[in-house]
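Inspection log for the structure reproduced underneath, given as structure tokens.
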There are 2 protein chains.
Amino acid sequence: MRQGTDRAVSELEKPAYHHGDLRAALLDAALALLAEGQEPSLRAVARRAGVSPMAPYRHYADREALLAAVALRGIEGLKVALEAADAAAAPGEAVIAQAVAYVRYACDHPVLFRLMFGPARPTVEHGICAAAQDVKDVLLTRLAREAPDRFTPDFALGCWSTIHGLAQLVIEGLLAETDPDPLGSGMVERAVRAMLGCPESRV
Amino acid sequence: MRQGTDRAVSELEKPAYHHGDLRAALLDAALALLAEGQEPSLRAVARRAGVSPMAPYRHYADREALLAAVALRGIEGLKVALEAADAAAAPGEAVIAQAVAYVRYACDHPVLFRLMFGPARPTVEHGICAAAQDVKDVLLTRLAREAPDRFTPDFALGCWSTIHGLAQLVIEGLLAETDPDPLGSGMVERAVRAMLGCPESRV
DNA sequence: CGCGAATGTTTACGATGCAAACATGGCGAT
DNA sequence: ATCGCCATGTTTGCATCGTAAACATTCGCG
């Protein structure tokens, strides 16, 4: 696929027949549409990438395959966000920080998030599952250190569920009438603390 | 092909021009499609109800309105399931029983469940939110009795999130590689117990 | 230089959601 | 009983979507 001599991307070069790296461009286009809040149709993605509606099929089996690739990237992004939050957290507060980051990521990219954890069963299914496990593991690792006494696989699953459920409830607006801004108001954080049984709220 | 689609109440009259109670028939048709695991298109619902593709618009503003009505009914069904589980539970085990019932409901009606708590924002949005609160309240009420010491609004939200997140993870297959049958294996129950800190497993 | 394979394009088909115009017939006012 | 209103259904039409099939273009290797 890739070769040494790269006439890869020069600015004033008109769109050649061969796009150079459509595969990545399609991914970016889909991500961009997602970021704008719209669910990306295959045709819209192609349009945005400046190619014909059928072009994507040279790189992805079907719409679902493209979306799955996007979802994978989104999951990786979530993992990165969790790791960053974990690293930046005060001692003993890393789990809470990860939880908040998780929900914030969902709020910042609601459509993407739905794609990531919704019916993304298609082609790359296994890839998605594995990536999701990676995400869980980031949380799990920190959990094992901050709460070694209570820690069990079941407890880890419970924690993940709590955080994931919270994210779902928030982005679907199910908490809107209870609290218009569950993240900003600290409700999310308090709910996680309540479940973990660590009420130190230290402003 | 026109067949005598299941008319619930009437006897042998031919499909009259006026359907009698299309509104309800459409709901049932959508529910039936959902039960068969397919996402109901407006046209498919109309087909199943034995009317023309445009007929539903006399009763629902658009596809989303129909789906929202279906979602509402699904949420009511969940509430009923929770109440039943609560009533049948052994003393002190009602919260766990509700949690398991919640996840089981999701597993039994995955497409419906996604509809209920997915982007069901449209028309009846408020109705959906309120109904969801009703569901939460069933859990919340029992929670206040079984765990009066830890009980706070934040704790209640946390519990709901845990259960809801568990349901999401299970129906999307995110736990499939960890455990192919999280409900049957008891993993769901154990995760909830771990979060609640009540490890009595009393087979 | 030439040719095969990779990559894009065009055309076409069936499905979908919905707008607009038309048809039917239940039912209250006369 | 009759008539006419209008709620309820139907037909037609259009834009969009996913994707199959056939065609066009160019890359890279012999």
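Lettering follows sequence order; numbering is per chain, from 1. Since we're looking at a predicted model, the values are computed, not measured.
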The ring-ring contact (aromatic ring centres under 6.0 Å, His included) partners of Y105(B) (sequence neighbours excluded) come to H109(B)
The complete set of salt bridge (charged side-chain N to carboxylate O under 4.0 Å, His left out) pairs with one or both residues in residues 79-92 of chain B, sequence neighbours excluded, reads D86(B)-R142(B)
Each nucleotide N or O in nucleotides 17-21 of chain C that has a protein N or O under 3.5 Å away: list the pair and distance.
from: dG17(C); atom 1: OP1; to: L42(B); atom 2: N; distance (Å): 2.9
from: dG17(C); atom 1: OP1; to: R63(B); atom 2: NH1; distance (Å): 3.1
from: dG17(C); atom 1: OP2; to: L42(B); atom 2: N; distance (Å): 3.0
from: dG17(C); atom 1: OP2; to: R43(B); atom 2: N; distance (Å): 3.1
from: dG17(C); atom 1: N7; to: R43(B); atom 2: NH1; distance (Å): 2.5
from: dG17(C); atom 1: O6; to: R43(B); atom 2: NH1; distance (Å): 3.1
from: dC18(C); atom 1: OP2; to: Y57(B); atom 2: OH; distance (Å): 2.8
from: dC18(C); atom 1: OP2; to: R63(B); atom 2: N; distance (Å): 2.9
from: dC18(C); atom 1: O5'; to: Y57(B); atom 2: OH; distance (Å): 3.1
from: dC18(C); atom 1: N4; to: R43(B); atom 2: NH1; distance (Å): 3.1

Rounded to whole Å, CZ of R23(B) lies from P of dA7(D) at a distance of 14 Å
Quiz item: When all nucleic acid strands are considered with a 4.0 Å heavy-atom cut-off, which category describes R47(A): base, sugar-phosphate, or nothing?
Solution: sugar-phosphate
Contacts satisfying salt bridge (charged side-chain N to carboxylate O under 4.0 Å, His left out) that involve residues 26-38 of chain B (not counting sequence neighbours) are D28(B)-R73(B), E36(B)-R48(B)
Taken to the nearest whole Å, CD/Q38(B) to P/dA15(C) is 14 Å
Side chain to side chain contact (heavy atoms under 4.5 Å, CB included) filter on R190(B), not counting sequence neighbours, yields D154(A), M187(B)
For A25(B), the side chain to side chain contact (heavy atoms under 4.5 Å, CB included) test, sequence neighbours excluded, returns H19(B), L22(B)
When rounded to whole Å, the CG to P distance for the pair D21(B) and dA7(D) reads 17 Å
>> Please check this pair: side chain of D62(B) against backbone of A65(B), looking for a donor-acceptor N/O pair closer than 3.5 Å.
In response: yes
dA7(D), OP1 or OP2 - any side-chain N/O from H59(B) closer than 4.0 Å?
no
